[in-house]
Amino acid sequence: MLEFNFSPFPVIETERLLLRRITNDDVNEIFDLRSNPETMKYIPRPLVKNNDEALAHITMIDDKVNDNTGINWAITLKDNPKLLGIIGYYRLQPENYRAEIGYMLLPKFHGKGIISEAVMRLIRYGFQDLKLHSIEAVIDPENIASEKVLQKCSFVKEAHFKESDFWDGQFRDKVIYSLLEK
């Protein structure tokens with residue numbers, strides 16, 4: 001079984017991006033992400049209503065890093081430390097050598113290849129550094145942009161669960177994509 005250790009926190013670079021630890025200094029950007037109905041459209045979680053709730057979200061992220069049960073990075077451009085989005089591994093399954101990847105980006109940065117670049121780098125981190133055997137992504141089937149990112153990054157559609165989750169008064173479908181270590 002795998003054992004994860006995120007200390008020291010792994011700072012990761014790509015050609016354009018720096019993936020760094022999320023801090024309380026990111027509270028305004030976390031609020032912008034998590035309170036935006038467009039950004040949260042496909043994420044079945046309540047909208048953040050104020051900076052205290054955004055700080056609580058940062059604390060939750062930090063707690064998971066500290067107890068090695070999940071890891072999230074702030075997505076930033078190399079020349080600007082401002083948070084543009086979040087990417088990370090959720091629902092770690094060390095017994096199965098598997099983890100779920102997830103990401104979100106402020107709308108003004110959509111369509112610039114930022115998420116694809118970050119996902120490609122985290123795939124490498126997941127397989128080489130974390131020693132995962134498989135990475136999954138769970139998306140809303142209407143989230144075409146996320147589906148395109150996953151397909152571009154060689155993920156394969158494994159399942160489409162009909163009305164499997166109940167959120168906000170309605171049953172919702174979910175689609176599972178995965179990638180096996182090659």
Side-chain angles (χ1 to χ4, degrees), residues 1-6 9-22 33-34 38-45 61 64-65 68-79 83-165 167 172-182:
M1 183 164 83
L2 290 177
E3 289 190 25
F4 301 112
N5 183 356
F6 303 124
F9 187 88
V11 175
I12 296 175
E13 291 187 35
T14 69
E15 184 180 331
R16 297 181 293 166
L17 307 175
L18 180 71
L19 307 180
R20 61 158 175 82
R21 192 163 192 158
I22 298 167
L33 275 171
R34 303 287 302 192
E38 181 185 347
T39 306
M40 296 295 291
K41 181 177 182 179
Y42 301 115
I43 301 173
R45 300 284 182 273
I61 288 170
K64 289 184 182 299
V65 170
N68 299 304
T69 58
I71 185 166
N72 281 276
W73 289 264
I75 302 170
T76 68
L77 297 173
K78 280 186 174 177
D79 61 357
L83 182 145
L84 315 176
I86 301 172
I87 189 166
Y89 282 114
Y90 310 81
R91 289 188 262 289
L92 299 177
Q93 301 174 40
E95 70 282 4
N96 295 319
Y97 294 74
R98 188 172 177 100
E100 178 184 339
I101 196 167
Y103 40 81
M104 59 192 320
L105 193 66
L106 289 167
K108 69 181 180 181
F109 297 101
H110 288 183
K112 300 179 187 313
I114 290 170
I115 290 295
S116 295
E117 187 174 328
V119 168
M120 290 299 288
R121 181 60 184 90
L122 276 198
I123 289 168
R124 198 164 88 230
Y125 175 80
F127 290 146
Q128 292 179 357
D129 296 277
L130 297 181
K131 306 299 183 201
L132 297 173
H133 175 70
S134 61
I135 300 168
E136 71 179 25
V138 181
I139 64 168
D140 184 302
E142 294 179 13
N143 191 345
I144 304 304
S146 190
E147 184 176 54
K148 286 180 180 176
V149 165
L150 295 170
Q151 290 169 346
K152 181 178 180 179
C153 295
S154 301
F155 280 73
V156 175
K157 185 176 178 178
E158 282 191 344
H160 185 141
F161 294 99
K162 298 284 190 179
E163 299 183 7
S164 59
D165 297 345
W167 174 253
R172 299 169 61 132
D173 291 7
K174 70 180 171 189
V175 174
I176 311 289
Y177 275 82
S178 74
L179 183 64
L180 297 177
E181 198 273 330
K182 302 226 183 324

Point to revise | Pairing of Lys174 and Glu100 as salt bridge, 4.0 angstrom limit | key: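 Looking at Glu100 together with Lys174, the answer is no, because their closest N to O distance does not fall below 4.0 Å.
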
Within a radius of less than 6.0 Å around CD of Glu95, do more than 12 heavy atoms belonging to other residues, nucleotides or ligands occur?
yes

Identify the heavy atoms of [X] and [Y] that sit nearest to each other, and give their distance.
X	Y	result
Leu83	Ala74	CD1-CB, 3.5 Å
Ser116	Cys153	O-SG, 3.9 Å
Thr69	Phe6	N-CE1, 4.5 Å
Ala159	Phe161	CB-CE1, 3.6 Å

Test your reading of the model: is there a side-chain donor-acceptor pair from [X] to the backbone of [Y], 3.5 Å cut-off?
X	Y	answer
Tyr42	Glu142	yes
Tyr89	Leu122	yes
Thr14	Ala118	no
Lys131	Phe4	no
Trp73	Pro10	yes
His110	Leu105	yes
Arg16	Gly113	yes

For a 4.5 angstrom cut-off between non-hydrogen side-chain atoms, does [X] reach [Y]?
X	Y	value
Leu179	Val156	no
Val119	Phe155	yes
Lys152	Met120	no
Ile123	Ser154	no
Leu132	Leu2	yes

task: Evaluate side-chain contact (heavy atoms from CB on, under 4.5 Å) for Phe109 paired with Ile115, printing each intermediate quantity in order.
output: CA-CA 9 Å; Phe109 297 101; Ile115 290 295; over 6 Å; no

Just how far is it from atom [atom1] of [X] to atom [atom2] of [Y], taken to the nearest 0.5 Å?
X	Y	atom1	atom2	answer
Arg124	Leu130	CZ	CG	13.0 Å
Arg45	Ile43	CZ	CD1	8.5 Å
Lys78	Arg20	NZ	CZ	15.0 Å
Ile135	Phe127	CD1	CZ	4.0 Å
Leu19	Ile75	CG	CD1	6.5 Å
Tyr103	Asn72	OH	CG	13.5 Å

Worksheet item: Looking at Glu147, Glu136, Lys157, which hits side-chain hydrogen bond (donor to acceptor under 3.5 Å, both in side chains) with Tyr177?
Response: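 One option only clears the test, and that one is Glu147.
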
The side chain to side chain contact (heavy atoms under 4.5 Å, CB included) partner of Ile114 among Thr76, Leu17, Ile87, Leu106 is Leu17

